[in-house]
Amino acid sequence: MNPADTLMLDAKQAILDEAHRRFLVLQEEGRSEEAMQQFQVTLSCASDLLNESLQILERVLAEQQRAEQDPSDSPGDKPLS
C-alpha cells in the first residue's frame with residue numbers, strides 16, 4: 001500500500017463520516033424523508049470505501065504473489081559483490 005492509497009482511503013472515510021453525521025442530524029430532527037435520502041448517500045459512500053479497500057487489497061495480494069514467484073527477488077540468487 002502506498003501513500004496515495006492511504007490518502008484516498010482516508011478521504012473516502014472522511015466523506016463517509018460526514019455523510020453519516022448528516023444522516024444522524026436529519027434523523028434526530030425528525031426529517032424522515034431527508035434522512036432516508038441521506039441514508040442512501042451514506043450507503044453509497046460506504047460501498048465506495050469498501051470497493052476501494054478491496055481493490056487495494058487485491059493489488060497488494062497480487063504484488064505479494066508475484067514477489068513470491070519471482071526467483072530473482074530472493075536474496076540467495078543475487079550475485080555477491
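What you see below is based on every heavy atom in this structure, not just the backbone, and it leaves out hydrogens, waters and symmetry mates. Everything quoted here is computed from the prediction, not taken from an experiment.
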Once you round to the nearest 0.5 Å, how far does [atom1] of [X] lie from [atom2] of [Y]?
X     : Y     : atom1 : atom2 : answer
Met8  : Ser53 : CE    : OG    : 11.5 Å
Leu43 : Leu50 : CG    : CG    : 10.5 Å
Ser44 : Leu49 : OG    : CG    : 11.5 Å
His20 : Phe39 : NE2   : CZ    : 8.5 Å
Asp10 : Ile15 : CG    : CD1   : 11.0 Å

ILVMFWY network linking Val41 to Leu16, side-chain heavy atoms under 4.5 angstrom: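 No; tracing contacts between hydrophobic side chains, which count when under 4.5 Å, never links both residues.
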Close side-chain approach of Leu57 to Met1, heavy-atom, < 4.5 Å: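 No, too far: nothing below the 4.5 Å cut-off.
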Residue pairs fulfilling side chain to side chain donor-acceptor pair (under 3.5 Å) with at least one residue in residues 32-42, sequence neighbours excluded: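 Side chain to side chain donor-acceptor pair (under 3.5 Å) check on residues 32-42 returns Arg31-Glu34.
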Qualifying residues under salt bridge (charged side-chain N to carboxylate O under 4.0 Å, His left out), relative to Arg59, sequence neighbours excluded: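 With neighbours one apart ignored, the set is Asp5, Glu63.
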Side-chain H-bond candidate by donor/acceptor type, Asp17 with Gln13, under 3.5 Å: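 Gln13 and Asp17 do have a side-chain donor-acceptor pair below 3.5 Å.
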